[in-house]
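Note that the numbering runs from 1 along the sequence shown for the chain.
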Amino acid sequence: MQPGRTRTITFSALGLLCALLLGGLLWLQMADWNRARPWLNEKLSLALQRPVAIRGELLLRWTLPAGTAQRRGWRDYLPQAHLEAYDLHLGNPPGMAAMGELASIERVLVELELLPLLQHRLSIPLLRFTRPQLQLVRQTDGRSNWQTPPARAAGAWTLELRSIEFSAARIELHDAVQQLDLIANLQTLDADPRYGIGWQLQGHWKQQPVSGSGKAGAVLGLQQQLQPYPLEGLLTVGGSRIAVLGTLTRPASLTSIDAQLTLSGPSMARLYGLTGVLLPETPAFTTSGHLHGELGAQASHWQYQRFTGKVGESDLAGSLDYRYGAQLPRPRLSGALHSSLLRLNDLAPLIGADSNRSKQARGVAAVQPDNKVLPVEAFHRVRWRALDAEVRYRADHITRDGDLPITQVNTLISLRDGVLQLAPLQFEIAGGRFQATLQLDGSGQHGPDAIAAQLQARASHLRLNQLFPRIDAMQATVGEVNADLTLQASGNSIASLLGSANGTLRSVVTQGSVSKLLLEEMGLNLGSVVLTKLVGDKPVQLHCMLGDFSVTQGLMQTRVWAADTNEARVDASGSVNLRNEQLNLTLRPQSKGVRIFSLRAPIYLRGSFKQPVVSIDKGVLALRAGGALALASVAPIAALLPLISNGSAEGNDCAALLGAERAVPRKVR
């Protein structure tokens, strides 16, 4: 065959093929695709494994794929089908059909690749919705209507979605597992150069009101985006507020987030349900810092970096690191926190010692009885096994309502397998030092509701004149305080722990000045009443005060308690019941020198911590008054003799105060 004839036949065949292809495309373009709705509904239903119905008009047009300048092969020259469907409805999967529809959409635009159809794959580069309405439901058993059942019938189609866009969307979420009922509305923001979508939501989470608003990128992409996806939002849950400004990387898989995060609320503990991170009870707080998260299928890593904020009236700054994944037995929190100024009142919620009004403000039931002083609010022991933690905390200065010279606070907070430790807890105070080790075992080994506690504490060389710097009368004092404390207990609150405590308490106070004013500054109102009964309302020079208590099942009993002043020696005996908060103490004063009208009658401390009662032995008073009246008939001056006491206290140092027959309590160094 001649070459010219061969070329003629070849070009004729190619021309015929092109004509047939062009004719086919024209036929596809001009065909009434509404007749294909039953077939398309069937294929989509198989692919999505739920009922799909296109009830409105169905249109088809053809375009070349985007990026014509970078075409590399013949596949890049194949046209893509742009299918438009109106009034589209998606049902729920089998077993949830009675709940109505999953979605209804006013208009859907689908970009469809042709070749994957030969492999029973619906490959969709772009899916665009107009006015979609979704009703997302998850039942108590965990089944949801947005998940595709894992099993597929033989020959079923698969769906591949790479990008999705929508405008004027309404989404309802009813999640019985998380107790969520939310309604979100999304709108297109055409005039915003950074954000393309605005959103608002409202509803409830665990019976708490939820509301929020914000902005997101122009395209909510399911594809692996190269550009970070911008996100801005403000969410309020109950009394907590969360503000986010930043970006998502590859939002389909949420592999990374970088954002400025601001948190505020009535208590950090209220964030547990939102974040899963165990934080302590606190006063109202606000913090702001940089949040970076790396999320993966096997492990995730969150960092809250360089944040600053306020907790009550105290400041707080630092960085926290949070990790969780299959390789860890439980999530792990680590980091370092720092306060320049910490107020003691802001620590009260940590142990439930704040007022009932404060408890209500941070979302906790006011459980403290009116007749109790020790906090009865239970620890959230069950949450302690939710994570492990190791956080270093440092505070430059701690203050009370008045001046309290506590500086250089340092502790390591450790939580591992349900065991919480502060080891060591140490700080400088009043020229001396306080050191302690505290362990609270909430692992469940000591009972379903019990926490086993161990406390060892030591205070050494606390200078009295620095301990009370606002009292002028104390500034000439050179004395100091030394004490140690060892306790073991079991319970689920401060009250129950102290009510079951066993251990010892020893203290030595030397060379000071005691007055009703001083005791009131210390908050010891009961002590100020006793002092008034003893010597009236005036300063008394203290030479030594010793205390040695044993603690057995919450009952503190005096082994030694004695005070030596320039007015009198006072010995005390009895007990303090921490379980029922009852006082049973007897003070026996012995005056020094000649004291007119010195009755030397025992003073009783009775009643509860909340309502203590101080009284003087009336029998001793009656006997002495009777003797005075009897002598009055003989000589008027003799009537004063029973009320004149010649005291004979031995010395004024602590060793002499104890006496040779008593062991001197070890002075803590």
Undergrad: For residues V409 and L342, determine if any side-chain heavy atom of one lies less than 4.5 Å from a side-chain heavy atom of the other.
TA: no
Undergrad: Please lay out, stage by stage, how R55 and E101 fare under the test salt bridge (charged side-chain N to carboxylate O under 4.0 Å, His left out).
TA: CA-CA 14 Å; R55 299 175 185 174; E101 294 182 335; 3.7 Å; yes
Undergrad: Could you tell me which residues satisfy side-chain hydrogen bond (donor to acceptor under 3.5 Å, both in side chains) with S493, sequence neighbours excluded, listed by chain and number?
TA: S496
Undergrad: Please give me the minimum heavy-atom distance between V177 and T140, naming the atom from each residue.
TA: CG2-O, 4.2 Å
Undergrad: Which atom names give the shortest non-hydrogen contact between K215 and W199, and what distance separates them?
TA: N-NE1, 3.4 Å
Undergrad: For T286, check side-chain hydrogen bond (donor to acceptor under 3.5 Å, both in side chains) against everything at least two apart and list the hits.
TA: none
Undergrad: Counting only N and O atoms by type, is there a donor-acceptor contact under 3.5 Å from the side chain of E377 to the main-chain atoms of I494?
TA: no
Undergrad: Would you name the heavy atoms of V311 and D346 that are closest together and state the gap between them?
TA: O-OD2, 3.2 Å
Undergrad: Can any side-chain N or O of D87 pair as donor or acceptor with the backbone N or O of E57 at less than 3.5 Å?
TA: no
Undergrad: Return the minimal non-hydrogen interatomic distance between I54 and R37, and the atom names on each side.
TA: O-CD, 3.5 Å
Undergrad: Applying side-chain hydrogen bond (donor to acceptor under 3.5 Å, both in side chains), name anything that partners D417, two or more places apart in sequence or on another chain.
TA: R330, R385
Undergrad: If every non-hydrogen atom of S288 is compared with every non-hydrogen atom of Q260, which pair is closest and at what distance?
TA: OG-NE2, 3.3 Å
Undergrad: Which residue is it: R138, K206, R143? I am looking for the one with a salt bridge (Lys or Arg N to Asp or Glu O under 4.0 Å) to D175.
TA: R138
Undergrad: Minimum heavy-atom separation for H292 to S256, with atom names?
TA: CE1-OG, 3.8 Å
